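The shown structure was predicted, so the numbers you read here are calculated from the model rather than taken from an experiment.
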Amino acid sequence: MRSRVLDYIALALVVLGAINWGLIGLFRFDLIATVFGGMEGIVSRILYTLIAIAGLYCLSFFGRHSNVGNHHENRVEHRA
């Protein structure tokens, strides 16, 4: 249960980062810097760091997703 909450928090941060990068790419507008006091502001820097950590954490989704698929396939084979 605790891991699932962490997964959702990480995913929300990654989505926020993706939206921010999209805005930077399309409009040269950094939403996080604008809302939290510029790129040099401590809150902005903490948020950028948390987004980066969340992105790295989300890499574990690939391993867990493939393990879930293999587990499901194994259960199906045992029934047959």
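Listed here is the closest heavy atom pair of Arg45 and Glu40: CD-O, 3.8 Å.
Looking at heavy atoms from C-beta onward, Leu47 lies in side-chain contact with Leu13 at the 4.5 angstrom threshold. Contact check for Asn20 versus Tyr48: side-chain heavy atoms found under the 4.5 Å cut-off. Taking the side chain as every heavy atom from C-beta outward, Asp7 and Tyr57 approach each other to under 4.5 Å.
Under the 4.5 Å side-chain heavy-atom criterion for grouping Ile, Leu, Val, Met, Phe, Trp and Tyr, Tyr8 is not connected to Ile51 through any hydrophobic cluster. Residues Ile19 and Phe27 share a single hydrophobic cluster, defined by chaining ILVMFWY side chains whose heavy atoms lie under 4.5 Å apart. In the hydrophobic cluster analysis, where Ile, Leu, Val, Met, Phe, Trp and Tyr join through side-chain heavy atoms closer than 4.5 angstrom, Leu6 is grouped apart from Val14. Cluster membership check: Leu59 does not share its hydrophobic cluster with Trp21, using side-chain heavy-atom separations under 4.5 Å among Ile, Leu, Val, Met, Phe, Trp and Tyr. Follow the hydrophobic side-chain contacts under 4.5 Å out from Ile42 and you never reach Ile53; the two are in separate clusters.
Looking only at distances, no side-chain donor or acceptor of Ser44 sits under 3.5 Å from a matching main-chain atom of Met39.
Test Leu31, Val43, Asp30 against Phe36 for side-chain contact (heavy atoms from CB on, under 4.5 Å) and you get one pass: Val43.
A distance of 12.5 Å separates CD1 in Ile32 from CD1 in Ile46, rounded to the nearest 0.5 Å.
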